[in-house]
Amino acid sequence: MALLPPPSLAGIVRYFHIECASGGTVLIPATPCPEITFFIAGGSRLMLGTGLGPLLARPMLGGPQTVPALVHWEAGTTFISALIEPGQFGRLFDADLVELRNVPVLVEEYLPHLPIRELEDGLRASDDPHHWLTLLSDWLLSLLARRADRIRPAFELPPGMLFQPTEDIARRCGLSVRQLERGMLASYGQSLRDERKMRRYVRALSMMLSLPPRRGLLTRIAVDCGYHDQAHMIRDFIHFTGQRPGSLLALEGGEEEGGLLRLFHYDDPHRQVVTGQI
């Protein structure tokens, strides 16, 4: 389930992902969005080469996910995640995005001053996903208000300039190229080059999930998203998802609801939220 944030969080939270009574092995795709997750039930373990990692069942904070990850959800796992718009993380949390890249951490250990216990209790006392969204939204708004007067304006890319020449972006921002790259790392958790690569993949994935499968679709998406050719797009998809684009298109033909690739499959209107159509 994917739900839009309230208007007061538009531009800060991209959307809320809610998982209800799930379990099993799940592929987490790469995303440029940092996130915070609160578990209502169950928990998650990272699948490592040597076995399962420790159980994470308390609130987690994570930076951009630049590579896919395999996790195992305990039976009955239920949670709500807020996916933060790239560049907006610093308005909510005093944390190093580079440190958090690909490494989810427990909020109580990384940011022990954050008031999470009351929110956890409220979430677990309800079985209504829309009430969970309201509780988490109110909590995020309280963080936003508390930090409003204490933080310096974060670096943010001018709209529509991500794929412009680096020197032009720096000039537009009144920065040197080196200052621009430092700003990117601080606000986005990755370099300008990596952010471009990630956003191109995200746009291609959104098109793939929202357009009906047909002959020549992958070629069209590759061209529209600025790839040199289809092979270039395939390499990026394998890097970011561990899957070839054709495997994801096949989901329309019947990926089981609780399968490995479940996070690539949303029904409308939730799919429209994830792909940015609404």
Side-chain angles (χ1 to χ4, degrees), residues 10-15 27-35 62-69 83-91 95-103 153-211 217-249 263-264 273-277:
I12 298 171
V13 173
R14 177 162 291 184
Y15 65 88
L27 176 66
I28 308 294
T31 174
C33 297
E35 62 184 78
Q65 185 75 25
T66 64
V67 292
L83 280 81
I84 312 301
E85 290 280 6
Q88 300 300 313
F89 186 80
R91 296 182 63 182
D96 187 333
L97 270 182
V98 176
E99 282 186 4
L100 296 177
R101 189 170 57 203
N102 303 325
V103 184
F155 170 77
E156 188 172 356
L157 279 170
M161 288 206 72
L162 177 60
F163 291 96
Q164 297 299 312
T166 302
E167 292 77 10
D168 290 352
I169 300 175
R171 191 179 307 111
R172 169 78 177 273
C173 297
L175 302 171
S176 68
V177 170
R178 187 173 180 180
Q179 289 171 326
L180 171 64
E181 288 292 359
R182 285 202 300 265
M184 286 295 304
L185 287 173
S187 292
Y188 294 83
Q190 55 185 344
S191 69
L192 181 59
R193 177 181 179 275
D194 290 341
E195 186 74 15
R196 286 168 171 158
K197 182 177 179 179
M198 174 82 76
R199 296 288 190 95
R200 187 168 52 222
Y201 137 77
V202 167
R203 184 184 175 200
L205 179 60
S206 296
M207 292 181 67
M208 199 171 300
L209 296 179
S210 58
L211 295 174
L217 178 60
L218 292 180
T219 299
R220 174 193 164 183
I221 291 174
V223 171
D224 287 351
C225 294
Y227 286 101
H228 298 307
D229 51 32
Q230 189 172 323
H232 181 197
M233 182 174 74
I234 290 172
R235 287 195 299 272
D236 270 12
F237 266 72
I238 292 173
H239 174 79
F240 286 125
T241 71
Q243 304 289 317
R244 297 172 68 89
S247 301
L248 303 180
L249 279 180
L263 293 182
F264 294 94
V273 172
V274 172
T275 58
Q277 294 174 280

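Only a predicted model underlies this, so the values are computations on that prediction, with no experimental measurement involved.
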Flag the pair L192 / L162 as yes when at least one side-chain heavy-atom distance between them is below 4.5 Å, and no otherwise.
yes
Scanning both residues in full, the closest heavy-atom pair of P86 with P32 reads CG-O, 3.9 Å
Can you find a heavy atom in the side chain of S187 that is under 4.5 Å from one in the side chain of L97?
no
Got a sec, which residues hit side chain to side chain donor-acceptor pair (under 3.5 Å) with S210, two or more places apart in sequence or on another chain?
none
Whether Y188 and F155 hold their rings parallel, tilted or perpendicular, with breakpoints at 30° and 60°:
perpendicular
Where do I84 and V13 land on the side chain to side chain contact (heavy atoms under 4.5 Å, CB included) test, with the steps shown first?
CA-CA 4 Å; I84 312 301; V13 173; 4.1 Å; yes
If you measure from CG on L157 to CE on M184, what distance do you get to the nearest 0.5 Å?
4.5 Å
Between M207 and C225, does the side chain to side chain contact (heavy atoms under 4.5 Å, CB included) criterion hold? Intermediate values first, please.
CA-CA 9 Å; M207 292 181 67; C225 294; 3.6 Å; yes
Is there a donor-acceptor pair under 3.5 Å between the side chain of R203 and the backbone N or O of I221?
no
Run K197 and F240 through side chain to side chain contact (heavy atoms under 4.5 Å, CB included) and show every step you take.
CA-CA 10 Å; K197 182 177 179 179; F240 286 125; 3.7 Å; yes
Return yes if some donor-acceptor pair links the side-chain N/O of R244 with the main-chain N/O of I234 below 3.5 Å, else return no.
no
Could you pull out the closest heavy-atom pair between A30 and Y201, with the gap in Å?
O-OH, 2.9 Å
Rounded at 0.5 Å granularity, tell me how far OG1 in T241 sits from CD1 in I28.
12.5 Å
Minimum heavy-atom separation for T66 and N102, please, with both atom names.
N-OD1, 2.6 Å
Under a 4.5 Å cut-off applied to non-hydrogen side-chain atoms, are L100 and P34 in contact?
no
Tell me, please, which residues at least two apart from F89 pass ring pair (Phe, Tyr, Trp, His ring centres under 6.0 Å).
F93
What are the two closest heavy atoms between S191 and L185, and how far apart are they?
N-CD2, 3.8 Å
Taking the side chain as every heavy atom from C-beta outward, state whether P245 and M208 have any atom pair closer than 4.5 Å.
yes
Without swapping roles, check the side chain of R101 against the backbone of G189 for a donor-acceptor pair under 3.5 Å.
yes
Would you compute the distance between atom CG of L175 and atom CD of E167 and round it to the nearest 0.5 angstrom?
13.0 Å
Which residues pass the side chain to side chain donor-acceptor pair (under 3.5 Å) test with Q88, sequence neighbours left out?
R91, E156
Taken to the nearest 0.5 Å, the spacing of L211 CG from T275 OG1 works out to 9.0 Å
How far does CD of Q164 sit from CZ of R196, to the nearest 0.5 angstrom?
8.5 Å
Mind checking side chain to side chain donor-acceptor pair (under 3.5 Å) for D96 and listing every partner two or more places apart, or none if nothing turns up?
none
Considering only heavy atoms from C-beta outward, does the side chain of E35 approach that of L83 to under 4.5 Å?
yes
Residue pairs, two or more places apart or on separate chains, that pass salt bridge (Lys or Arg N to Asp or Glu O under 4.0 Å) and touch residues 171-195
D168-R171, E195-R199
Between the side chains of T219 and Q230, does any donor sit under 3.5 Å from an acceptor?
yes
Could you tell me the separation between the SG atom of C33 and the OH atom of Y15, rounded to the nearest 0.5 Å?
7.0 Å
Who passes side chain to side chain donor-acceptor pair (under 3.5 Å) against R220, sequence neighbours left out?
D224
